[in-house]
There are 2 protein chains.
Amino acid sequence: MKERGECHMDLNERKRKILQAIIEEYIGTAEPVGSRSISKKNELGLSSATIRNEMADLEEMGYLMQPHTSAGRIPSDIGYRFYVNSLMKRYQMSVEAMERMQLEFQKKVTQLENIIKKASMLTSAMTDYTAVVSTPEFHQSQIKKIDLVALGGETVMLIVITKDGIVKNRILSMAINDSVAARFAEILNRRLAGLTNDEINFDKIREIQDEIQSELNLHPRALVEILDFIYKTIESIDETEVYVDNVKSILKYPEYSDLGKAREMLSFLDNQKNLRSIIGKKDGDEHVSIRIGRENEFEQLYDCSLVTVNYSLGEKVIGKLGVIGPKRMNYAKVIAFLDCIASHIDKILYELYMEGE
Amino acid sequence: MKERGECHMDLNERKRKILQAIIEEYIGTAEPVGSRSISKKNELGLSSATIRNEMADLEEMGYLMQPHTSAGRIPSDIGYRFYVNSLMKRYQMSVEAMERMQLEFQKKVTQLENIIKKASMLTSAMTDYTAVVSTPEFHQSQIKKIDLVALGGETVMLIVITKDGIVKNRILSMAINDSVAARFAEILNRRLAGLTNDEINFDKIREIQDEIQSELNLHPRALVEILDFIYKTIESIDETEVYVDNVKSILKYPEYSDLGKAREMLSFLDNQKNLRSIIGKKDGDEHVSIRIGRENEFEQLYDCSLVTVNYSLGEKVIGKLGVIGPKRMNYAKVIAFLDCIASHIDKILYELYMEGE
DNA sequence: TATTAGCACTCATGTTTGTTGAGTGCTAAT
DNA sequence: ATTAGCACTCAACAAACATGAGTGCTAATA
């Protein structure tokens, strides 16, 4: 068996323990680790001097190295390799993480999502700035149909279709068979179809709860959970989400050679809430909006410009797309590009949702 | 009409010219611009002293500012605003850019693409490192069917379907009607269906060219172009592409607090060729591959670790996914996550392409 | 013999001080 | 009204210096 780049001399138990402690400490802190900090943890009951001697050995053997004479040690590639091969303990994925992943994979990607993603990709590719695109807000979407399909196992797929053609589907776990699912769906449709999602509030849901309880014999707790889920799904139809692309571009511009500022900006753009409030709500009736520096609402954007344009379904403005870049951006070019992309989106959305009418 | 934050005093022609020159210079260089550099360009025929006086005026009026006493001037927000409202000239999008955009929008997003994107999204979200995922390489895909659909206008859609179910579609511009398209497609199918894309080489294409030339009366130059396009499309079936997600994460780690290094890394990861050579080709038969620091092939990754796992269709390894992170990454966790995601992909691909057989 | 306390030594980091040069504002000449 | 000339300012860079975390080594201790 070929061990990659590993010393043949074996390590005794103590050396292994120390090496492991050092590597794990370093993984956590990214600072060279000194003998004192290992000794302090007192897991081995050794003084710093002893650790020091062992560390010197480990360095000689190639597992550790010193960035400079008076610093602590950091693991060498060989050290990491030994850790990965022999020291590291297996990690068990949490059930929640597993479930989250499965759910994410099962979620179907809608055509709309693809359009929005493509738009953000194109915007960032063509302008070389950070692109932000909001998903369309179809206000007061009328519910057209609700479907509940038993998929086998303990999973059921909930599908909500609006008059505008939006399809939301989610997986939920619930042990029912086809016929119960059908009757459940029938009740939901009878009570909810034709209503806008604004009209479907909590009271409405409670009414339905009673009816279903009396018709179908479901566990009350389970029922509440399911209805809650349905409620959230319906509510989420109009929840706008913002796609961001090419955040890394901000690093290209010298105004962000201050790493601290760059990091702050990155975490600002990581937060959906922030994004929604800069691009989510439609303010003013202008098609093209330009916010330069302090004209922006948020302090974090005081050094940036935000240029956005609206996109529409028919006559109604339903979303925005834009770029965030340095104040010294190429405004003319950006506006031309955004305008062009937006009118393309308009066309595509029209074909998708209005042509049939 | 409300002008946002703009001084009411009007600017004379000369001041406008100077302001414009300063702003455009600054947009290009991101350096405070001095009187000399404007004077040097000699477009206005004024000495630096004169410019200096005008600049002082413009500063007083609020259009410019000085980062510090002995620096050049930079535009203020009001300066940019005035530029955007009054000085800037319209930008005309190039025809190529328009076409590129249209093409991009017309390209259909395949299911496969969605899976891969989702995988990269999940990988980066769960590990918080940069994710890299290669698209599957279905070697020697047999061509099942080629379609040529006249879309009206001067566009034709070329669709190539492989036995494995891969669908490649592209738009090309070509003025032919339905019946010619159908006959064209018929010839293509007769000659190419059943062959693997490895077997379709340049000579093969030339043979077909002759046949089509004698059957259909097409412009020879146009025909060559089209066949070339078809050839490229077929060839591209097996071209693996690499999706990258969450590049920005590298900035979170202190090992990249050197901006220069970070930028270098970013541009390394922007290059498909690099990506393909680190994750594209399958090397070794190990399922999990770990490259620590200098174990990597590329100098740019000497400070990183690259952990990848294979994913497969049936028994055959057809792609990889992995993360790039600092050497002090949480290997155990990363491996667990990657493994889990990969086996999910396996399952999904199996259902998608093998279940039918 | 293995461990540890003590101490001199090293060197990255942070701070202070000095130097340089781009760019200004002002004045006087054109 | 424009411009040449000159003194002045101040960020950016460099050199000199202090600080302290962490080491290696030696001698004392269990």
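Below, chains carry the letters A, B, ... as their sequence lines are ordered, and counting in each starts from 1.
- Atom CG in A/Asn53 sits roughly 9 Å away from atom C1' in C/dT3 (whole-Å rounding).
- The side chain of A/Arg73 lies closest to D/dT23, out of C/dG25, C/dC11, D/dT23.
- Rounded to a whole Å, the CD1 atom of A/Ile74 is 13 Å from the P atom of D/dT23.
- When heavy atoms are screened at a 4.0 angstrom cut-off, B/Ser35 is found touching the sugar-phosphate backbone but no base atom.
- Between B/Leu269 and B/Ile324, the shortest heavy-atom distance links the atoms CD2-CD1, 3.7 Å.
- Checking C/dT24, C/dA5, D/dC10 against every side-chain atom of A/Ala49, the shortest atom distance belongs to C/dA5.
- The partner of D/dA12, taking Watson-Crick or G-U wobble pairs whose two distances both stay under 3.5 Å, is C/dT19.
- Using Watson-Crick or G-U wobble geometry with both donor-acceptor distances under 3.5 Å, C/dT30 finds its partner in D/dA1.
- For C/dT3, neither phosphate oxygen OP1 nor OP2 lies less than 4.0 angstrom from any side-chain nitrogen or oxygen of A/Thr50.
- Atom NE2 of A/His68 is separated from atom C1' of C/dT13 by 9 Å (rounded to the nearest Å).
- Base pairing of C/dG25 is made with D/dC6, judged by Watson-Crick or G-U wobble geometry with both donor-acceptor distances under 3.5 Å.
- Residue order along DNA chain C, read from the 5' end via each residue's closest nucleotide, puts A/Ser47 first among A/Ser47 and B/Ala71.
- If you check distances only, the side chain of A/Ser70 does reach the base of C/dT10 with a donor-acceptor pair under 3.5 Å.
- Distances from the side chain of A/Gln66 to the nucleotides D/dT23, C/dT4, C/dG25 place D/dT23 closest.
- Remark: P of D/dT2 and CZ of B/Arg14 are 4 Å apart, rounded to the nearest angstrom.
- One can place CD1 of B/Ile51 at 10 Å from P of C/dT24, the figure rounded to the nearest angstrom.
- With rounding to whole Å, A/Arg36 atom CZ is found 13 Å from C/dG6 atom P.
- Following rounding to the nearest Å, A/Tyr26 (OH) and D/dG22 (P) show an atom-to-atom distance of 14 Å.
- For A/Arg52 against C/dG6, a side-chain-to-base donor-acceptor contact under 3.5 Å is present.
- Taking atom CG of residue B/Asp57 and atom C1' of nucleotide C/dT24, one finds them 14 Å apart after rounding to whole Å.
- A ring-centre distance under 6.0 Å is found for A/Tyr129 and A/Tyr253.
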